[in-house]
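One structure is given here, and the rest of the page talks about it.
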Amino acid sequence: MFRSVCTVLALWLLFSGCSQPDSDAAEAVPETSTDTSRTAGIVDNQSRPDTIVIAADPWCPHNCEAGADHEGYMVDLAREILVESGYSVEYINVSWARALQMTRDGQLDAIVGAFRTDAQDFVFPDTAQGHSSIALFTHPDNDWTYSGIESLHDKTLLVINGYSYTVELDRYIARYQADRDRIWIISGPSPLNRAIELLDQARTDIFVEDASVISWWAQSSGRLATPPREAGLVSESEAFVAFSPAREDAEKLADLLSEGTRQRIENGRLQQILDTYGLTLWTETP
């Protein structure tokens with residue numbers, strides 16, 4: 001979820017809000033209704049120990065809208081591996097900041113689309129379930145080009161609450177998060193449409209996002225002719241399904257996911273899953 005901009009060094013900012021909230025944000029995908037009696041207190045509640053509840057905001061094609069025909073290749077991969085190992089898997093949509101907190105507290109079991117910098121206290125598989133190319137995007141008519149962190153100094157950068165991008169960019173965001181002229185933080189279970197709307201309205205200069213996410217959005221929304229303009233690649237990052245540190249079997253689950261992912265890279269099954277989303281395997285070896 002690269003995800004969503006208050007760094008791990010300042011986790012409290014995730015939930016208090018890093019800057020003035022986007023009060024008129026329009027959410028396209030509601031949070032999935034959850035029964036807290038089923039998902040709360042994983043450490044104490046043993047009624048469904050073999051059910052893994054995975055959460056994130058939609059970040060398609062990595063993870064998409066819960067219940068859709070295509071829930072995202074990372075969700076498909078994790079579900080296949082864990083079901084094969086005897087677990088059942090539920091995938092729900094909540095805001096990224098909320099997904100982090102609920103999973104950290106043990107109310108949910110895992111997050112999907114996470115960078116290691118998103119939650120260093122979570123239990124990560126050794127092998128990544130996904131790959132992300134983080135870039136900066138502008139309005140199609142804006143010819144600004146990213147040339148390092150210093151090139152952001154006179155621009156308004158739009159980011160999503162709770163996301164981690166890169167160490168350098170996270171530090172920049174944390175440093176200027178109170179300055180609305182530099183940093184604008186939006187939130188919610190489906191913030192992408194809102195971010196692009198703000199770009200279209202010229203209310204912000206730059207938006208940070210994964211290149212595949214923008215490509216998927218452009219195709220699904222019919223905006224192939226006028227998508228946001230990519231103004232520079234920031235980083236390439238591994239993405240994971242990461243497990244709650246509150247689960248006693250988190251290491252076991254991470255190992256199962258690592259081994260299952262490696263097997264599916266080797267036997268070509270992961271590429272078959274990626275084909276469903278029009279993607280190519282990011283590496284040929286585990």
Side-chain angles (χ1 to χ4, degrees), residues 1-15 18 52-59 61-63 72-75 77-78 81-82 91 94-106 108-136 149 159-175 177 208-213 233-247 249-262 264-265 270 281-283 285-286:
M1 98 136 307
F2 129 69
R3 281 227 189 219
S4 292
V5 177
C6 305
T7 68
V8 173
L9 298 176
L11 284 172
W12 64 272
L13 291 172
L14 294 175
F15 311 108
C18 300
I52 308 300
V53 183
I54 301 173
D57 59 334
W59 197 44
H62 308 289
N63 58 277
Y73 72 87
M74 294 183 69
V75 177
L77 175 64
I81 293 169
L82 293 171
Y91 167 55
V94 298
S95 70
W96 186 244
R98 187 179 178 202
L100 286 169
Q101 187 61 44
M102 292 181 71
T103 305
R104 179 172 285 109
D105 292 344
L108 301 172
D109 301 299
I111 52 174
V112 56
F115 296 166
R116 291 190 184 277
T117 52
D118 274 306
Q120 295 179 3
D121 56 325
F122 282 32
V123 181
F124 284 75
D126 292 333
T127 302
Q129 286 67 61
H131 179 84
S132 175
S133 297
I134 303 307
L136 297 176
I149 205 73
V159 296
I160 299 172
N161 188 32
Y163 276 36
S164 174
Y165 298 102
T166 67
V167 171
E168 185 179 39
L169 195 54
D170 289 352
R171 286 173 178 166
Y172 176 84
I173 294 164
R175 180 178 180 182
Q177 53 87 22
V208 193
E209 190 49 276
D210 174 85
S212 293
V213 170
L233 182 68
V234 178
S235 72
E236 302 275 350
S237 300
E238 295 179 319
F240 298 84
V241 173
F243 293 93
S244 170
R247 278 198 70 116
D249 60 351
E251 292 285 354
K252 173 187 174 182
L253 293 169
D255 288 344
L256 285 172
L257 207 51
S258 288
E259 179 59 27
T261 301
R262 286 193 292 268
R264 284 159 178 79
I265 291 173
L270 179 51
L281 186 64
W282 53 91
T283 179
T285 58

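The model shown is predicted, which means the values in this text are computed figures rather than measured ones.
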The side-chain contact (heavy atoms from CB on, under 4.5 Å) partners of A55 (sequence neighbours excluded) come to I92, V94, A99, L108

I'd like to check E259 versus D255 (side-chain heavy atoms, cut-off strictly below 4.5 Å). Are they in contact?
no

Contacts of D249 that satisfy side chain to side chain donor-acceptor pair (under 3.5 Å) - sequence neighbours left out
R247

A254 and P125 have their tightest heavy-atom pair at O-CB, 3.7 Å

Donor-acceptor pair, Q129 side chain versus V241 backbone, under 3.5 Å?
yes

Nearest 0.5 angstrom please: I81 CD1 to L257 CG, how far?
4.5 Å

Just so I know, are the side chains of V112 and Y91 near enough to count as touching, which here means a heavy-atom distance under 4.5 Å?
yes

Are the side chains of T166 and Y172 in touch, meaning some heavy atoms are under 4.5 Å apart?
no

With rounding to the nearest 0.5 angstrom, report the CD1 to CH2 distance, I160 to W96.
11.0 Å

Return yes if some donor-acceptor pair links the side-chain N/O of S258 with the main-chain N/O of D126 below 3.5 Å, else return no.
yes

Could you give me the CA-CA distance, side-chain angles and deciding distance for I54 and D109, then say whether side-chain contact (heavy atoms from CB on, under 4.5 Å) is met?
CA-CA 6 Å; I54 301 173; D109 301 299; 6.0 Å; no

Return the set of residues passing side chain to side chain donor-acceptor pair (under 3.5 Å) with E236 (not counting sequence neighbours), or none when no residue passes.
H131, S133

Taking only residues two or more places apart in sequence or in another chain, which ones pass side chain to side chain donor-acceptor pair (under 3.5 Å) with S244?
none

Going from CZ on R116 to CG on D118, what distance comes out if it is rounded to the nearest 0.5 angstrom?
11.5 Å

Measure the OG1-CD1 distance between T127 and I265 for me, rounded to the nearest 0.5 Å.
6.5 Å

Looking at every heavy atom in both G130 and W282, which two are closest together, and how far apart are they?
CA-CH2, 3.5 Å

Mind checking the CG-OH spacing from L136 to Y165? Nearest 0.5 Å is all I need.
10.0 Å

Can you sort out the partners of E251 under side chain to side chain donor-acceptor pair (under 3.5 Å), two or more places apart, ordered by chain and number?
none

Residue list, ring-ring contact (aromatic ring centres under 6.0 Å, His included) with F122, at least two apart or on another chain:
none

Can you measure from CE (M102) to CD1 (I111) and round to the nearest 0.5 angstrom?
13.0 Å

